Amino acid sequence: MTVRTRFAPSPTGFLHIGGARTALFSYAFAKKHGGAFILRIEDTDVARSTPEAVQAILDGMAWLGLQHDEGPFYQMQRMETYKKVIQTMLQNGTAYYCYSSREELEALREQQMANKQKPRYDGKWRPEAGKTLPEIPAGVEPVIRFKNPQEGVVAWDDLVKGRIEIANSELDDLIIARADGTPTYNFCVVVDDWEMGITQVIRGDDHVNNTPRQINMLKALGATIPQYAHLSMILGDDGQKLSKRHGAVSVMQYHEEGYLPEAVLNYLARLGWSHGDDEVFSMQQFCEWFDLDHITPSAAQFNTEKLKWLNNHYIKAAHLNVLAQDVQQRLAQLNVRVTAQPSLNDAIALYRDRANTLNELAQSIAYFYQKPVLDAAAAEKHLTADIAPAFERLKVLLQTADWNAEAIHAAINAVVAEFGLKFPKVAMPLRVMLTGNAQSPSIDQVMAILGKEEVLARINAVSL
RNA sequence: GUCCCCAUCGUCUAGAGGCCUAGGACACCUCCCUUUCACGGAGGCGACCGGGGUUCGAAUCCCCGUGGGGACGCCA
């Protein structure tokens with residue numbers, strides 16, 4: 001059978017890191033088996049779903065390059081299908097109307113909690129052979145409930161967690177359609193997974209408890225039961241659960257902060273999945289290697305430091321032109337206008353090794369295009385009066401030097417020799433005058449890129 | 001409270017009963033490279049939650065405990 005997986009987010013917020021990993025694994029599983037990856041938007045919660053969130057999810061998926069083969073399907077556009085199925089269930093007795101009010105149910109729940117019982121529907125309106133149902137109250141719009149079996153167990157072999165068995169006595173009759181007639185999540189999922197021919201449901205393990213209910217409904221509909229793989233959750237850097245209030249960030253924020261999608265993808269792939277000792281691999285390699293057997297069942301803590309390390313790796317490996325295009329925009333955001341000279345590509349080539357993010361890269365090379373602000377501590381330490389004579393001489397030599405790193409290096413060396421200094425005694429002040437900082441790549445290379453005119457201007461701007 | 005799940009270095013993980021003196025990666029520390037800072041290279045520190053079984057042999061299997069997490073919505 002052809003593999004068909006799906007990613008089914010609800011558009012109530014941005015695509016966060018946990019959702020992105022779920023999507024990645026679903027995508028990779030489909031690719032690995034030559035199957036289809038389907039995107040389905042679960043927007044049946046009309047009150048909380050927004051078109052902005054839909055767009056945010058689409059943007060996030062696009063940035064990561066997780067392209068779906070089918071969809072996006074929107075559940076709100078499939079109402080007729082759901083209603084048809086509900087009618088069938090009402091007719092064959094696997095679903096029924098329930099007139100219990102919200103207040104009634106709330107009171108029931110509280111009472112059960114007080115008695116240290118698991119809160120659940122009491123089955124008041126559940127039709128049974130020989131049972132007389134209460135009189136239908138006036139003015140109450142009924143909900144529709146699924147008539148869950150009361151005996152036996154539901155079991156499945158979870159592809160990540162192994163066999164899970166839950167007694168039907170633990171389950172109650174869940175609502176499949178609201179009083180206003182709109183179907184609810186658990187029901188839509190069942191109908192969609194069934195009709196869309198999903199073969200492996202790969203999702204977060206907060207859905208484990210929904211699985212037995214869904215299986216029961218699938219059985220009631222005579223549908224084929226897909227396989228399930230429940231992924232454990234991703235914790236924040238601090239080990240705390242990620243939530244909207246705490247730590248959860250959009251994948252697009254990683255874009256804004258200067259992470260490459262390759263790095264995020266590679267990092268996410270290794271969060272909960274492994275292929276021996278392999279750490280760095282391409283998306284293509286991942287899709288060839290991916291399997292459900294090597295997914296860890298336990299929760300994983302996000303580690304930004306490792307993400308940065310990977311991002312640095314991909315920055316070092318990226319094509320210069322691709323980096324230049326991106327960095328130019330980031331510089332523009334910093335109000336730095338990139339000019340033809342100094343060469344942006346050269347500046348990036350010089351700095352990429354030390355940048356963990358593209359933002360860092362942009363910031364670190366901004367001084368090529370705008371006068372540096374001298375770091376006070378560095379200036380005090382290195383811009384001392386005693387080197388003034390050496391710099392007078394250096395200016396003369398630079399004036400006539402061929403403008404390449406070797407010649408510049410030779411010029412500095414000549415001054416160093418002439419004044420009996422050590423190389424850093426000249427290099428460090430130069431560093432501060434030209435870049436504003438005490439750290440930079442080889443100063444001769446920096447100078448070569450900056451250009452003779454600008455180098456001399458910056459040296460002259462400092463009075464020793 | 002009830003049900004379900006989870007448990008190897010600080011973090012991500014390898015590990016499918018002997019290959020484990022528990023391997024790799026990030027982080028951290030030391031040294032090398034060096035013109036500073038990085039990059040790179042070489043080392044180092046550092047873990048099988050506890051207790052019982054099963055077995056000739058257990059990080060790996062079973063049970064109990066402990067700890068963590070999830071679910072219990074007319075949310076998804």
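As the structure is a computational prediction, the values presented were derived from the model and not from experiment. So you know, we letter chains A, B, ... as the sequences are listed, proteins then strands, and number each from 1.
- Across all strands shown, A:Glu305 has heavy atoms under 4.0 Å from sugar-phosphate atoms exclusively, and none from any base.
- How far CG of A:Leu350 is from CD1 of A:Ile365: 9.5 Å, rounded to the nearest 0.5 Å.
- Phosphate proximity of B:G70 to A:Lys241: present, with a side-chain N or O under 4.0 Å from OP1 or OP2.
- Considering only side-chain N and O atoms, A:Lys306 lies nowhere under 4.0 angstrom from the phosphate OP1 or OP2 of B:U13.
- As judged by a 4.0 angstrom heavy-atom cut-off over every strand, A:Asp353 is placed among residues touching the sugar-phosphate backbone only.
- Summarising the geometry, the separation between OH on A:Tyr74 and P on B:A76 is reported as 17 Å, rounded to the nearest angstrom.
- The CG atom of A:Asp293 sits 16 Å away from the P atom of B:U13 (whole-angstrom rounding).
- Side chain of A:Lys118, nearest nucleotide from B:C74, B:U36, B:U2: B:U2.
- Counting non-hydrogen atoms under 4.0 angstrom, A:Gln301 reaches the backbone sugars and phosphates but no base.
- Straight-line distance from the CD1 atom of A:Ile175 to the P atom of B:C74: 4 Å, rounded to whole Å.
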Expected rows: protein N/O vs nucleotides 5-7 of chain B N/O, under 3.5 Å:
{"from": "B:C5", "atom 1": "O2'", "to": "A:Lys161", "atom 2": "NZ", "distance (Å)": "2.9"}

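- A 4.5 Å side-chain heavy-atom check between A:Leu430 and A:His382 finds every atom pair outside the cut-off.
- Here the nucleotide nearest the side chain of A:Asn303, chosen from B:G73, B:C12, B:U11, is B:U11.
- The side chain of A:Arg109 places an N or O atom within less than 4.0 Å of a non-bridging phosphate oxygen (OP1 or OP2) of B:G73.
- Remark: A:Arg145 qualifies as a cation-pi partner of A:Tyr121 under the 6.0 Å distance and 45° angle criteria applied to the six-membered ring.
- Checking the phosphate oxygens (OP1, OP2) of B:G15, a side-chain nitrogen or oxygen of A:His294 falls inside 4.0 Å.
- Using a 4.0 Å heavy-atom distance criterion, A:Asn115 is classed as making no nucleic acid contact.
- Look at the P atom in both B:C62 and B:C5: the space between them is 13 Å, to the nearest Å.
- In this structure, A:Pro424 reaches the sugar-phosphate backbone alone: every heavy-atom distance under 4.0 Å involves primed, P, OP1 or OP2 atoms, never a base.
- Of the nucleotides present, B:A71 is the one that pairs with B:U2 by Watson-Crick or G-U wobble criteria, both distances under 3.5 Å.
- Proximity of A:Ser274 to the phosphate of B:A14: a side-chain N or O atom is located under 4.0 Å from OP1 or OP2.
- A donor and an acceptor atom, one from each side chain of A:Glu305 and A:Trp309, are nowhere located under 3.5 Å apart.
- Atom CG in A:Asp375 sits roughly 18 Å away from atom P in B:U36 (whole-Å rounding).
- Put simply, CH2 on A:Trp309 is 16 Å from P on B:C12, counting in whole angstrom units.
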Inset, instruction - Starting at the 5' end of nucleotides 41-46 of chain B, put B wherever the base has a protein heavy atom under 4.0 Å, S where only the sugar-phosphate does, and a dash everywhere else. - result: ------
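- A:Ala179 comes within contact range of at least one nucleobase, with a heavy-atom separation under 4.0 Å.
- Backbone-only contact: A:Lys316 has heavy atoms under 4.0 Å from sugar-phosphate atoms and none from a base.
- For the pair A:Thr44 and B:A76, the criterion of a side-chain N or O lying under 4.0 Å from OP1 or OP2 is met.
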